[in-house]
Asks: 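Pasting in a structure now, in structure tokens, and then I'll have a few things to ask.
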Number of protein chains: 2
Amino acid sequence: MQQPTEKEIIDEFIQICQGHLLKITPQRVAIYKELLISDKHPTADAIYQAVKKEYPNISFDTVNRTLLKFAEIGLLEVVEIFGGAKRFDTDVRNHHHLHCMRCGKIQDFMHGGYDNLAVPEDIHNYFQVKRKRVVLKGICKACSK
Amino acid sequence: MQQPTEKEIIDEFIQICQGHLLKITPQRVAIYKELLISDKHPTADAIYQAVKKEYPNISFDTVNRTLLKFAEIGLLEVVEIFGGAKRFDTDVRNHHHLHCMRCGKIQDFMHGGYDNLAVPEDIHNYFQVKRKRVVLKGICKACSK
DNA sequence: CTTTTTGCAAAGCGTTTGCATTGAA
DNA sequence: TTCAATGCAAACGCTTTGCAAAAAG
């Protein structure tokens, strides 16, 4: 299949919103567009700073609420952190994390072998698994010097 | 080997502190004792509230700084969270996490099969892996109603 | 016209910092 | 006697809330 055009991507976004009874506002579209080109794990403030360049009147509040709303409907995910500002993950594909225990930075990595881990039987009795992730904790290159 | 006595546990704690040039204070001992009997993933405030019963004059500050210090020397670990107050993990054995995406609660589970995951070769080139953890994200029993 | 969303300001919560005092070594 | 640790208070950063005005459906 072809790479979808931006229009197609935005159309799909609009459909998803409508499916969840969310109104389409220029702010939400701008935030969504920014997410498409942003860093892997942006904070709400990073998105706010970026969107503000085009919409100088947008408030941090709207950005933050929108991101939380997007997380609710599964457009993105809140990422595990060690503390500090929340980070959002715009990549809903299967991927895994390297957590630096010193600086707190999170790097993604792909590894097919981790994607198909079997979930222990008994867990299904008390937990509904939506996503699997392997987190490798340690020291990143920059911090190991 | 026998279950170690409390005295032995505290003696070991004192040795670890001395090894890191930390002074032994009654507050630190009290905090450490509390950690031994506390919940799996206490917040600094939870530890503070508990220790305060015995040491009414202790400040939140001391508790918080002590926990961060303990994390620095490897006595405990800061746990991945989705946001909110930091949580500390007093169990340094290998174990894995269930993260509820709705309420944010973290449950531990053990699974031998996950403990021995092979780390992809190339990761060693840019990351020093200290610990491996599988995180299953989803909805916990309480939230799925 | 109705209901959601926005922007703003204030409040809230958790963490961090500076500093004088205390206490361990 | 020295230097680290404590307690306190203020500052700080991030998140959340309430509410009136604006905008979407």
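Note that the coordinates shown come from a computational prediction; the quantities given were computed from them, not determined experimentally. In the text below, chain A, chain B and the rest are named by the order of the sequence lines, each starting its count at 1.
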Asks: Roughly, in whole Å, what's the span from CG in A:Asn57 to P in D:dA21?
Replies: 18 Å
Asks: Using the side-chain heavy atoms of A:Arg28, tell me which of these nucleotides is nearest: C:dT15, C:dT5, C:dG7.
Replies: C:dT5
Asks: Starting at NZ of B:Lys23 and ending at C1' of D:dT2, how long is that distance when rounded to a whole Å?
Replies: 7 Å
Asks: Can you tell me how far C1' of C:dT5 sits from CD of A:Glu72, to the nearest Å?
Replies: 14 Å
Asks: Taking all non-hydrogen atoms of both residues into account, name the closest pair between B:Ile81 and B:Lys86 and its distance.
Replies: CD1-CA, 4.0 Å
Asks: Salt bridge or not for B:Lys33 and B:Glu54, using N-O below 4.0 Å?
Replies: no
Asks: Nearest nucleotide by nearest heavy atom, which residue falls closer to the 5' end of DNA chain C, B:Asn64 or B:Leu22?
Replies: B:Asn64
Asks: Rounded to whole angstroms, how far apart are CD1 on B:Ile24 and C1' on D:dA5?
Replies: 12 Å
Asks: Starting at the 5' end of DNA chain D, which residue's closest nucleotide do you reach first, B:Arg65 or A:Gln18?
Replies: B:Arg65
Asks: Between B:Ser59 and D:dT6, is there a side-chain N or O to OP1/OP2 distance below 4.0 Å?
Replies: no
Asks: Assign B:Leu67 to base, sugar-phosphate, or nothing according to its heavy-atom contacts below 4.0 angstrom with the strands shown.
Replies: nothing
Asks: Can you tell me if the side-chain N/O atoms of A:Thr25 get under 4.0 Å from OP1 or OP2 in C:dT4?
Replies: no
Asks: Between D:dT17 atom P and A:Phe60 atom CZ, what is the distance in whole Å?
Replies: 14 Å
Asks: With under 30° as parallel and over 60° as perpendicular, where do the rings of B:His96 and B:Phe109 fit, or are they tilted in between?
Replies: tilted
Asks: Taking atom CD1 of B:Ile47 and atom OG of B:Ser38, what is their separation to the nearest 0.5 Å?
Replies: 4.0 Å
Asks: Return the value, rounded to whole Å, for the distance between atom NZ of A:Lys69 and atom P of D:dT15.
Replies: 17 Å
Asks: Counting the atoms with a prime plus P, OP1 and OP2 as sugar-phosphate, which does B:Ile81 contact under 4.0 Å by heavy atoms, base, sugar-phosphate, or nothing?
Replies: nothing
Asks: Using whole Å, report how far NE2 of B:His20 lies from C1' of C:dA24.
Replies: 19 Å
Asks: Regarding A:His95 and A:Asp89, do their side chains bring together a donor and an acceptor under 3.5 Å, going by distance alone?
Replies: yes
Asks: Can you tell me the distance, in whole Å, between the CG atom of A:Asp61 and the C1' atom of D:dT15?
Replies: 9 Å
Asks: Would you indicate, yes or no, if C:dT16 has its OP1 or OP2 atom less than 4.0 angstrom from a side-chain nitrogen or oxygen of B:Lys86?
Replies: yes
Asks: Just N and O in the side chain of A:Gln27: are any of them under 4.0 Å from OP1 or OP2 of C:dG7?
Replies: yes
